[in-house]
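A quick write-up on the structure given underneath.
All residue numbers refer to positions in the sequence shown, counting from 1. Numbering of ligands and ligand atoms starts at 1, following listing order.
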Amino acid sequence: MKVAVIGATGMVGEVMLKVLAERNFPLTELLLVASERSVGKKMNFQGKEYTVIGLADAVAAKPNIAIFSAGGDTSLEWAPKFAEVGTTVVDNSSAWRMDPTKKLIVPEINAHELTAQDKIIANPNCSTIQLVMCLHPLHQKYHMKRVIVSTYQSVSGTGVKAVKQLENEVAGVQGEMAYPYPIGRNALPHCDVFLENGYTKEEMKLAREPQKILDDRTFSVSATAVRIPTAGGHSESVNVEFENDFDLNEVRQLLNDMPGVTVQDNPDTNTYPMPIYAHDKDEVFVGRIRRDETQRNTLNMWIVADNLRKGAATNAVQISEYLVEKGLV
Ligand SMILES: NC(=O)c1ccc[n+]([C@@H]2O[C@H](COP(=O)([O-])OP(=O)(O)OC[C@H]3O[C@@H](n4cnc5c(N)ncnc54)[C@H](OP(=O)(O)O)[C@@H]3O)[C@@H](O)[C@H]2O)c1
């Protein structure tokens with residue numbers, strides 16, 4: 001099993017290598033790939049030294065799986081080249097997510113859709129993954145009509161440059177800016193670029209991707225995405241209106257029974273999910289589960305997950321594990 005990690009030197013790439021090692025992914029050969037800037041750089045994986053190579057050399061090596069975390073433009077240009085030589089691409093960028101010919105996969109929900117013919121598989125947006133992990137079991141039982149989500153997103157979601165901006169601000173050092181404003185002691189209602197409809201691209205990903213993953217266009221999602229100065233983990237305030245009424249204990253049970261979801265919900269002990277505890281964990285944490293008292297059949301909850309783990313690397317590695325287990329690569 002020859003695996004290429006594209007974007008190995010980046011924020012997601014680094015966590016990808018950690019997750020592959022932790023889960024003992026059954027690889028026999030590993031290719032670490034980045035831009036021309038990093039070619040020749042030495043990196044370590046499970047005590048062995050590797051030299052970073054370029055994309056053309058990686059295609060020539062015909063890996064079984066290539067996990068891409070190197071931005072949308074790199075995926076658009078290079079994923080088809082890997083697919084042509086028989087490699088299955090698992091892509092972390094937004095390049096292929098809404099392409100009707102590509103599958104958008106959260107393994108706990110829809111890995112069963114994958115076949116050996118799927119040569120480019122899309123990993124959803126980080127904020128989408130943690131949202132659908134909690135919506136899925138509730139939707140099956142009560143059927144959602146409308147979801148309103150406000151996100152509180154970590155700077156690690158923007159990449160290395162943004163983490164550096166926050167570190168510089170905290171240290172009082174002038175440096176390169178990833179955002180148009182300071183992020184320390186601030187909240188930016190601006191994740192990704194603005195679109196013509198006044199929403200950001202991140203907000204539209206949250207509106208569209210859940211419908212594709214849950215294979216249902218009968219519910220709608222309205223999102224506001226906000227960047228805050230946390231370093232590891234996205235949080236979401238979520239309001240869901242269902243067709244059918246629910247019982248709060250049953251809601252907690254359904255969420256608890258969902259693989260990969262952990263309920264942390266006890267106001268008596270101040271127990272609720274927070275990024276500092278979700279950091280470096282694979283689970284999606286949910287709490288503050290309560291009835292919206294202003295409207296029928298409506299629920300409020302608070303969802304937190306590590307955007308670099310379940311939001312990116314862990315989900316991509318789980319997809320790759322499924323492909324190997326089912327003999328699809
Ligand atoms: N951060 C998150 O929470 C998150 C979550 C889900 C998905 N993603 C997606 O994952 C991707 C990477 O995000 P990140 O946060 O890890 O960014 P990052 O820290 O800026 O890392 C970018 C990586 O891509 C490589 N790269 C850039 N241009 C390249 C090119 N032309 N050819 C080959 N490699 C190239 C970089 O290599 P060099 O070091 O050589 O520049 C680096 O390894 C993005 O598509 C992002 O949308 C991120």
For residues 319-329, which residue pairs pass the side-chain hydrogen bond (donor to acceptor under 3.5 Å, both in side chains) check, not counting sequence neighbours? R23-E321
Quick one: which of T128, V132, T200 gives a side-chain contact (heavy atoms from CB on, under 4.5 Å) with L206? T128
Aromatic contact, F194 with Y199 (centres under 6.0 Å): no
Check side chain to side chain contact (heavy atoms under 4.5 Å, CB included) between T294 and all other residues, then give those that pass, not counting sequence neighbours. D292
For ligand 1, list the protein residues that place a heavy atom within a distance below 4.0 Å of one of its atoms, sorted by chain and number. G7, A8, T9, G10, M11, V12, A34, S35, R37, S38, L55, S69, A70, G71, T74, N92, S93, C126, S156, G157, G159, V160, N307, L308, G311, A312
Salt bridge (charged side-chain N to carboxylate O under 4.0 Å, His left out) with E209: which residues, sequence neighbours excluded? R97
For the side-chain hydrogen bond (donor to acceptor under 3.5 Å, both in side chains) test, which of K201, Q153, K205, R227 pairs with D192? K205
